[in-house]
There are 2 protein chains.
Amino acid sequence: MSNPTPVSRTSESISREELTRLRMTLGRLGRVLRQQNDDGLSYALISLLFSIGRNQPTTAGELAAGEGVTPPSVTRSLNRLLELGLVKRERDPVDGRASRISLTAAGVAERSRLLRSREVWLSEHLDRLTREELDLLLVALPVLERLCDPELDITPGD
Amino acid sequence: MSNPTPVSRTSESISREELTRLRMTLGRLGRVLRQQNDDGLSYALISLLFSIGRNQPTTAGELAAGEGVTPPSVTRSLNRLLELGLVKRERDPVDGRASRISLTAAGVAERSRLLRSREVWLSEHLDRLTREELDLLLVALPVLERLCDPELDITPGD
DNA sequence: AGAATTATCTAACCATGTAAACTACCTTGG
DNA sequence: CCAAGGTAGTTTACATGGTTAGATAATTCT
C-alpha cells in the first residue's frame, strides 16, 4: 500500500475524516428523522405500517426481516397497530403457526394520510436545499439504500 | 411529463416515491449505524465523547444543543462517561452553576481507539460499494450534513 | 408416533429519548 | 442589600423500541 492513511481497500478515495463525518451525519440524521413526530404514530410504527402496506398480506417474520429487527420487536409494534385498528391479523389457513397480516380500511386511510404529512415535513427541509444539492441527494439515494441493505450482511438480525 | 405529483416548492425534481425512499433509507441507516456496537460504548456515548473532544472544555448545555437532545439526556450519558473515567467535570470558576467538561487522558485514548475501530466497521461496508458509488456518497455528504444541521431549525430542541 | 424445526409470543432487561419539578447559583430592581 | 426572577443542571418518572431467553403450538421429518 502506498497511501498515507489507508483505511481499507476502496478507501483510497475516502479520508478518515470523511468516514467520521459520514458516520456522524447518518447517525444523527437518522435520529432526527425517527424522532420528528408529525402525528400520533412513532417512527417504528409508521415504518411497520408502510411495510405491511407494501407487502400485504405478510407475516410477522417477514416484517421482522424487512425491518431489520427481531421478531419480538415486531410483535409488540404489531399489537399496537392492532389495538389502533390499523391492521388485522388472521391465522394462515395453510400453516397454522403463521399469521397473515394486512391493513384494515382504517390502516389504508392512515397510511395515505401519513404519506402526505410525512412528505410535508421532509419536503419542508428539502426546501432548504438548492436544486443542485437535491439532485446530489437523489443520485446518492441508491447508494445509501445499498449501504443499509440487509441482504448485504450488515444486519446481525439474520 | 413535467411533474405529476408536486409536493412542494423545490420538489419539482423529487417524486413522492423518492421522498419516501429517502425517509425510510435514512431512518434505517441511522438505526443500523447507531446499533452496530464495535465495542463497549453505545452510539450516544461515542457521539457525546467525540463532541466533548471537539469542543472541550464545554458545558452540559452546549453539549445538549450540539447533540440536539435535551439536557437530562446529556446528564445521564455524561454520568456514564464520568464513571468510566473518560471525561472530567469541573466547576466553572466564573459561573458556579455551570461546569467545564473535558476529556481525561483515558478519554482521549478511547477517542482515538474508537475512531479507528469505527472506521474499520464503516469501511468494511463501504468496501461493498463501487468506487463510483463511494464518490456519489462523498459528494452528497455535505448535503446530508446541511439537512440535519440544527442551525437550520430542524430540531425542536431549542 | 416421536423428534426436530419453525413461527410467534411472552417476559424481562437495557438504552436513550422526553417533560416536569427541583436545586443552586446568578442577576437585577426597589 | 436583598427579594424576585432567570438560568444551568440534575432528579424523577415515563415512553419507546431495541435485545435475548424461554414458552407454546403447529408443521415436517424419520
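Note on naming: letters A, B, ... go to the chains in the order of the sequence lines (proteins, then strands), and numbering restarts at 1 for each one.
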Using whole Å, what does the distance between atom [atom2] of nucleotide [N] and atom [atom1] of [X] come to?
{"X": "B/L63", "N": "C/dT16", "atom1": "CG", "atom2": "C1'", "value": "16 Å"}
{"X": "B/L81", "N": "C/dA15", "atom1": "CG", "atom2": "P", "value": "13 Å"}
{"X": "B/R100", "N": "D/dA8", "atom1": "CZ", "atom2": "P", "value": "17 Å"}
{"X": "A/N79", "N": "C/dC9", "atom1": "CG", "atom2": "C1'", "value": "8 Å"}

By side chain to side chain donor-acceptor pair (under 3.5 Å) - contacts of A/S47 (at least two apart)
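Here the qualifying residues are A/E67.
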Set of side-chain contact (heavy atoms from CB on, under 4.5 Å) partners for A/A109, sequence neighbours left out:
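Listed in chain order: nothing, the list is empty.
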Restricting to side-chain contact (heavy atoms from CB on, under 4.5 Å), what partner residues turn up for B/E90, sequence neighbours left out?
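side-chain contact (heavy atoms from CB on, under 4.5 Å) list for B/E90, sorted by chain: B/K88, B/R100.
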Please collect all side chain to side chain donor-acceptor pair (under 3.5 Å) contacts where either partner lies in residues 55-65 of chain A, sequence neighbours excluded, each pair once.
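Applying side chain to side chain donor-acceptor pair (under 3.5 Å) to every pair that reaches into residues 55-65 of chain A, excluding sequence neighbours, yields A/T58-A/E62.
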Taking A/P71's backbone N and O only, do any of them form a donor-acceptor pair with A/T75's side chain (distance below 3.5 Å, no angle check)?
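Yes, because the side chain of A/T75 sits within donor-acceptor range (under 3.5 Å) of the backbone of A/P71.
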Tell me whether B/T104 contacts the main-chain N or O of B/L86 through its side chain, where contact means a donor paired with an acceptor under 3.5 Å.
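The answer is yes, because a donor-acceptor pair under 3.5 Å joins these two groups.
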Ignoring backbone atoms, establish whether B/T70 has a side-chain N or O less than 4.0 Å from OP1 or OP2 of C/dT18.
yes
Between B/S73 and C/dG17, is there a side-chain N or O to OP1/OP2 distance below 4.0 Å?
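Yes, within the criterion.
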Ignoring the backbone of [X], work out which of [options] is nearest its side chain.
{"X": "B/R97", "options": "C/dT10, D/dT19, C/dC26", "value": "C/dC26"}
{"X": "B/A98", "options": "D/dG17, D/dA8, D/dA21", "value": "D/dA8"}
{"X": "B/V69", "options": "C/dG17, D/dT10, C/dA7", "value": "C/dG17"}

Pull out every residue in residues 82-96 of chain B that has a heavy atom closer than 4.0 Å to any atom of DNA chain C, ordered by number, or say none.
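Residues of residues 82-96 of chain B under 4.0 Å from DNA chain C: B/V94, B/D95, B/G96.
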Please work out if B/T59 contacts a base, only the sugar-phosphate, or nothing of the nucleic acid, heavy-atom cut-off 4.0 Å.
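It contacts sugar-phosphate atoms only.
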Whichever of B/E62 and A/V74 has its nearest DNA chain D nucleotide further upstream toward 5'
B/E62
For A/R97, give me all partners under salt bridge (Lys or Arg N to Asp or Glu O under 4.0 Å), at least two apart in sequence or on another chain.
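A/R97 satisfies salt bridge (Lys or Arg N to Asp or Glu O under 4.0 Å) with A/D95 once adjacent residues are dropped.
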Throw together a table of side-chain donor-acceptor distances under 3.5 angstrom for residues 137-144 of chain B, partners on residues two or more places apart or in other chains.
none

Please enumerate all protein N or O atoms sitting under 3.5 Å from an N or O of nucleotides 14-16 of chain D, with distances to 0.1 Å.
{"from": "D/dT16", "atom 1": "OP1", "to": "A/R80", "atom 2": "NH2", "distance (Å)": "3.4"}

Among pairs that include at least one residue of residues 71-87 of chain A, which meet salt bridge (charged side-chain N to carboxylate O under 4.0 Å, His left out), considering only residues two or more places apart or in two chains?
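Sorted result for residues 71-87 of chain A: empty, none.
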